[in-house]
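Each chain gets a letter, A, B and so on, in the order its sequence line appears, and its residues count up from 1.
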Amino acid sequence: MLDIQLLRNDLEGVASRLKARGFDLDTAMIAALEAERKSLQTRTQELQAKRNSLSKSIGVAKAKGEDVTPIMAEVAGLGDELKANEDALSRLQDKFNALLMGIPNLPHESVPAGKDSDENVEVSRWGEPRKFDFQVKDHVDIGAGLGLDFESAAKLSGSRFAVLKGGIARLHRALAQFMLDVHTREHGYIEVYVPYLVNADSMRGTGQLPKFEEDLFATFKNADEKLYLIPTAEVPVTNLVRDEIVPGESLPLKFVAHTPCFRSEAGSYGRDTRGMIRQHQFDKVEIVQMVKPEDSYRVLEELTGHAEAILQKLGLPYRKMLLCTGDMGFSSAKTYDLEVWLPAQNTYREISSCSNFESFQARRMQARFRSDKNKPELLHTLNGSGLAVGRTLVAILENYQNADGSVSIPEALRPWMDGVDKLS
RNA sequence: GGAGAGGUGGCAGAGUGGUUGAAUGCACCGGAUUCGAAAUCCGGCAUACAGGUUCUCCUGUAUCGGGGGUUCGAAUCCCCCCCUCUCCGCCA
């Protein structure tokens, strides 16, 4: 959520920055709503003040044993207008709030302008894609002989699910454990285990709701209370600080969580239908930080580096992309995507997304910190995939495949695989 | 699932319709005392929003788990919901 003060003070400026990310802000409508709000609110508060003081004087008069009927008569006249004003104000505020919740974050000034992913900017590249002296297979074909089973998954649940058996399931588990261990041991994150079902408040806090309900899976706790399956650990982990005022000295808070993620993938029919790239359910290790505002851009670089470290340890070639204004997520002010090399597709594919949300999520969540005796201040939130486990599995299968159909295990991962150096 | 108790400020904990945004204690901040510290004493100390003033405040409104209701007036009464604790049952 944007700062409403910013909207009031610099509506046109906000509109033009939003335009850069392809969002049209109806400034005339907002200005009109704002003018109406101002007069309604002033009038309502006036009436409330009058009622309060009259009510108070009734109490005083009664205590003295005086006759209160004249005051009662006076206050009775207020009732209808006050109620009408209160109702109108609350309707207007609901409307304004709904509008505000639907406005995306402002892009940081360092974000390049652009329409879509074609205009993202490559920042750096790491590793050399391997030269194969045989015909490379994609992960589906390689995995078929190693326990990657889409037919069973289709029987159980339909399309966009996978069953892993044997060594490949083991590899999947090892990857998650490896990532968790690196982030906790080397990068200073605290491991957290969190619920996979969360309420609507949590989804609103991080920005998935109200706009993107169709991307989520939901279930019902009872007839009128819906719970959502998390599309990323970002949701439960970031919401740990919702409605909290944390001591300034406790920042930065650094959390890492390994969770399954559930996405309906509505609107992506036909895209990445083959294989494990785009699933309804996948595992991800997510790193999250809550920091002071002045630190958040330094931390974005640091956090992205933590995700890169996993790719480097695994020896997977990747490139780091700075997303342009038109390709960023709804809540983000600046995002780096890490794209891993997939030889069978002969291209780089997203495996991590690292974002600084500045105070956008914190404002929705009322997540604040207090330094000394200063007033509470909104903190900044960041997160990144460190990494998407399923896609990392795909990358290893494809990059470490051998001519005989076996797959080598990256050196760094072997301690998590009981020393196994090859799946066959 | 059954029975009972409870949710109040950073924390603990009073408060069952009327100058209560809320006693008291702890914590915290400023000052006094002290060579300095502890102890003691004095004062301050919630959040959001609006209006005024504009870097310092003033005024108003809302907020005592959430929502709705009664009333001139609700932390306090009524209804619904959520959560926590204790006991019993069930259970990975």
How far, in whole Å, is [M] from [N] if one measures between their [atom1] atoms?
| N | M | atom1 | result |
| --- | --- | --- | --- |
| B/rU34 | B/rU40 | C1' | 12 Å |
| B/rA46 | B/rA5 | C1' | 28 Å |
| B/rU47 | B/rU8 | C1' | 15 Å |
| B/rG18 | B/rA27 | P | 33 Å |
| B/rC79 | B/rC90 | C1' | 31 Å |
| B/rC49 | B/rU33 | P | 41 Å |
| B/rG7 | B/rG43 | C1' | 33 Å |
| B/rA3 | B/rU61 | P | 44 Å |

Next item on the list: Could you provide the dot-bracket string of RNA chain B, using ( ) for intrastrand pairs, [ ] for crossing pairs and | for bases paired to another strand, with Watson-Crick or G-U pairs below 3.5 Å?
Entry: ((((((((.[[[..)..(.....]]].(((((.......))))).(((((((....))))))).[[[[[..)....]]]]])))))))....
Margin query: Judged by each residue's nearest nucleotide on RNA chain B, which is more toward the 5′ side, A/E46 or A/K83?
Written below: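 Closest to the 5' end, via its nearest nucleotide, is A/E46.
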Notebook entry, point to check: More 5' along RNA chain B: A/V60 or A/R368, using each one's nearest nucleotide?
Noted result: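 It is A/V60, whose closest nucleotide lies nearer the 5' terminus.
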Checklist line | Sole residue of A/L303, A/L323, A/N356, A/L322 in side-chain contact (heavy atoms from CB on, under 4.5 Å) with A/Y336 | finding: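 Option passing the side-chain contact (heavy atoms from CB on, under 4.5 Å) with A/Y336: A/L322.
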[X] has an atom [atom1]; how far is it from atom [atom2] of [N], in whole Å?
| X | N | atom1 | atom2 | value |
| --- | --- | --- | --- | --- |
| A/M1 | B/rA48 | CE | P | 13 Å |
| A/Q48 | B/rG51 | CD | C1' | 14 Å |
| A/L40 | B/rA62 | CG | C1' | 16 Å |
| A/L227 | B/rC82 | CG | P | 12 Å |
| A/K50 | B/rG73 | NZ | C1' | 16 Å |
| A/I4 | B/rC49 | CD1 | P | 9 Å |
| A/N52 | B/rU20 | CG | C1' | 13 Å |
| A/R363 | B/rU47 | CZ | P | 17 Å |

Nearest to the [X] side chain among [options], which nucleotide is it?
| X | options | value |
| --- | --- | --- |
| A/S55 | B/rG73, B/rG21, B/rA62 | B/rG73 |
| A/K56 | B/rG73, B/rU19, B/rG51 | B/rU19 |
| A/M72 | B/rC72, B/rU61, B/rG21 | B/rC72 |

Check: For the side chain of A/K62 and the base of B/rG18, is some donor closer than 3.5 Å to an acceptor across the two?
Finding: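 Yes, the side chain and the base share a sub-3.5 Å donor-acceptor pair.
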Applying a 4.0 Å non-hydrogen cut-off, can you work out what [X] is touching in the nucleic acid: base, sugar-phosphate, or nothing?
| X | value |
| --- | --- |
| A/Q5 | sugar-phosphate |
| A/R43 | nothing |
| A/I58 | base |

Test item: side-chain donor near acceptor, [X] and [Y], under 3.5 Å:
| X | Y | answer |
| --- | --- | --- |
| A/D337 | A/S353 | yes |
| A/Q361 | A/E234 | yes |
| A/T335 | A/S355 | yes |
| A/H258 | A/Y193 | no |
| A/K284 | A/T259 | no |

Check: Hey, which of A/E286, A/H183, A/Q289 is the one that makes side chain to side chain donor-acceptor pair (under 3.5 Å) with A/Y189?
Finding: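 Checked A/E286, A/H183, A/Q289 against A/Y189; only one passes side chain to side chain donor-acceptor pair (under 3.5 Å): A/Q289.
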Next item on the list: Test A/Y318 against every option in A/R349, A/E339, A/E350, A/Q312 by the side chain to side chain donor-acceptor pair (under 3.5 Å) rule and name the one that passes.
Entry: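 Exactly one option meets the side chain to side chain donor-acceptor pair (under 3.5 Å) with A/Y318, and it is A/Q312.
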Check: Think A/R51 has a side-chain N or O under 4.0 angstrom from the OP1 or OP2 of B/rA62?
Finding: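 Affirmative; the distance criterion is met.
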Check: Do A/R298 and A/D295 meet the salt-bridge criterion of a basic N to acidic O distance under 4.0 Å?
Finding: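 Judged by the 4.0 Å cut-off on N to carboxylate O distance, A/D295 and A/R298 do form a salt bridge.
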